[in-house]
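What follows is a set of notes on a single structure, which appears directly below.
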Amino acid sequence: MRRRLIVVSLLTAVALLAAGQKKMPKPSWPNFFSKEQDVEMGREYAQQIEQQMTVVQNKELTDYVNRIGERLVKQGGLDNYPYFFKVVQEPSINAFALPGGPMFVHTGLLKAADNEAQVAGVLAHELAHVVLRHGTHQASKAQLIQIPAMLAGAVAGGTLTGQLAQLGIGLGANSLLLKFSRGAESDADLLGSYTMAKAGYNPIELARFFEKLEAQTGKAGNSKLSQFMSDHPNPGNRVQAIEGQLPYMARGPYDAHVGDLKKMQAIVDGLPAAPKKPAKGQGTQAQGGTPAQLPNAQKPAEVPISSTTKSTQTSGMSISYPSNWQETSDQGSLTVAPAEGRVQSFIGYGVMVNIAQAPSGQKVNLEQDTQKLLQGMAQQNSGMKVVEQAQQVTIGGSKALVTKLASDSPYAGTKETDVVVTIDRGTALYYLIFVAPEPDYAKLEPVFQQMTRSIRFQ
Ligand code: ZN
């Protein structure tokens, strides 16, 4: 079993509609990262992106996109970040900004825009995500316990993006850093449209372009759009929301014009074919959400299990384990395993203990949150399947579920048995994953059962 935390998202987005002038959105709590860490992270991810995608070198085209971006930043009075704007040769209609400022605009998006204001609308919307720090806010919200622990231990070495990859956070499909909630979308539209007006672009074009893309997404066979629309879900009534704010925005004329979009589209058509590279987020390392390469280690003939126990505590929970096993704490996650059971970043024998907090004001839903956890695990562990459906039990006085899985073991040619115990503690889901190679599971089962029975909560 891969020894790394699983993202359990217990969140639902609520969009609120208000009349009159809306308050300008601000970066929201929680965000455990500093602005400097946003910048550091964005710089590291940008390097990965530039290796994976083809950055267009045509000066006329990149200068044009930069003039639009810089105009929005300067005249819009946006917070100071080391912004840059690069065009990447991709036919899909997409653009994305990384935390701390780097932005990549697909050639497909430039082709799809009807006018310069629509290009500016996407850039302004993306810039708003950067300024409002939505990416690191979402990561913080999803991992309330793990991220502060990770940042506290950040001296342990490695890059920030490497540490995030350990938490399953990267730039892969549906990345927490790039996939926004409807609430974040409304906020990005709001700040983005005010920014456009200040820079002399008609803010309605932002909504018009998004709605045009939305309408095209519905058409059969249009796969050019799917990632953009799934990363930026429609908060509803985009046009009306911006129209309602027009009286409060910088007055026109909205006639900003920094170049000839038609000419830029002709340049895009004339670009030489891009060399084939792996798609964004599909690299073999430092990317979340994909199964890791298994080490294929030699399975030990036997692991020692002493008959005496000792006990440990994590976040208000105590558990006893064989006294010759060792406990390690890593980024808020506790692992108890014999030395022979640890293979690189994997556990071949042992147990991992983690906690996922529900968002403030919300409660754990044991069945649903267990399903989400299992789905997250399936993405990270090759060949995983459920072999015994969840059974209800009581552990330490709390309602719990026990689910038995099979997956590939870090030991060569071996399957493993994983028993996932999820415990409903009201505002937090505690989960334990017991791991043993399938041939040895019967021998370990009584040990695991004894450990489970020893669990107490304060
Ligand atoms: Zn968005």
Side-chain angles (χ1 to χ4, degrees), residues 9 11-17 22 24-28 31 38 42 45 49 68-69 72-73 76 78-79 81 83 85 88 90 92-106 108-109 112-113 117-142 171-196 201 203-217 224-242 245 280-281:
S9 168
L11 306 165
T12 48
V14 181
L16 293 173
L17 288 172
K22 289 186 187 159
M24 262 315 111
K26 295 229 160 23
S28 40
N31 197 324
D38 277 26
Y45 283 132
I49 293 291
I68 300 175
L72 291 165
V73 169
L78 294 178
D79 282 5
Y81 280 96
Y83 300 102
F85 306 88
V88 289
E90 286 287 331
S92 51
I93 302 171
N94 201 352
F96 58 96
L98 301 170
M103 196 187 301
F104 295 88
V105 180
H106 288 203
L109 184 130
Q118 293 191 347
V119 177
V122 173
L123 266 56
H125 175 97
E126 292 290 343
L127 285 167
H129 281 310
V130 172
V131 169
L132 298 172
R133 306 185 60 215
H134 283 150
T136 46
H137 164 61
Q138 295 186 153
S140 300
K141 209 165 55 165
L171 294 184
N174 296 328
S175 164
L176 274 176
L177 297 168
L178 297 178
K179 189 179 172 65
F180 302 106
S181 67
R182 287 178 208 280
E185 283 305 292
S186 300
D187 285 354
D189 279 0
L190 186 59
L191 178 57
S193 57
Y194 273 80
T195 303
M196 286 179 78
Y201 289 110
I204 292 293
E205 293 295 338
L206 185 162
R208 280 199 193 127
F209 191 50
F210 273 78
E211 298 217 326
K212 171 182 152 175
L213 299 185
E214 182 88 25
Q216 290 184 6
T217 307
K224 280 187 175 179
L225 271 166
S226 48
Q227 192 60 49
F228 187 70
M229 295 323 287
S230 106
D231 285 350
H232 303 273
N234 187 354
N237 301 319
R238 277 191 142 118
V239 170
Q240 290 96 313
I242 292 178
Q245 293 302 299
K280 174 163 70 82

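One-based numbering along the sequence shown. Just so you know, ligand 1 is whichever comes first in the structure, and atom 1 is the first atom listed for that ligand.
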**OP:** Flag the pair Glu211 and Arg208 as a salt bridge only when some basic side-chain nitrogen lies within less than 4.0 angstrom of an acidic carboxylate oxygen.
**Re:** no
Subject >> Proximal protein heteroatoms (N, O or S) of the Zn ion (ligand 1), under 2.8 Å >> reply: His125 NE2, His129 NE2, Glu185 OE1, Glu185 OE2, His232 ND1
Original post:
Any side-chain heavy atom of Glu126 within less than 4.5 Å of one from Phe85?
Top reply: no
Original post:
His106 and Phe228: aromatic ring centres closer than 6.0 Å?
Top reply: no
Look only at the side chain of [X] and the backbone of [Y], and say whether a donor-acceptor pair between them is shorter than 3.5 Å.
{"X": "Gln245", "Y": "Leu190", "value": "no"}
{"X": "Lys22", "Y": "Ala241", "value": "no"}
{"X": "Glu185", "Y": "Asn234", "value": "no"}

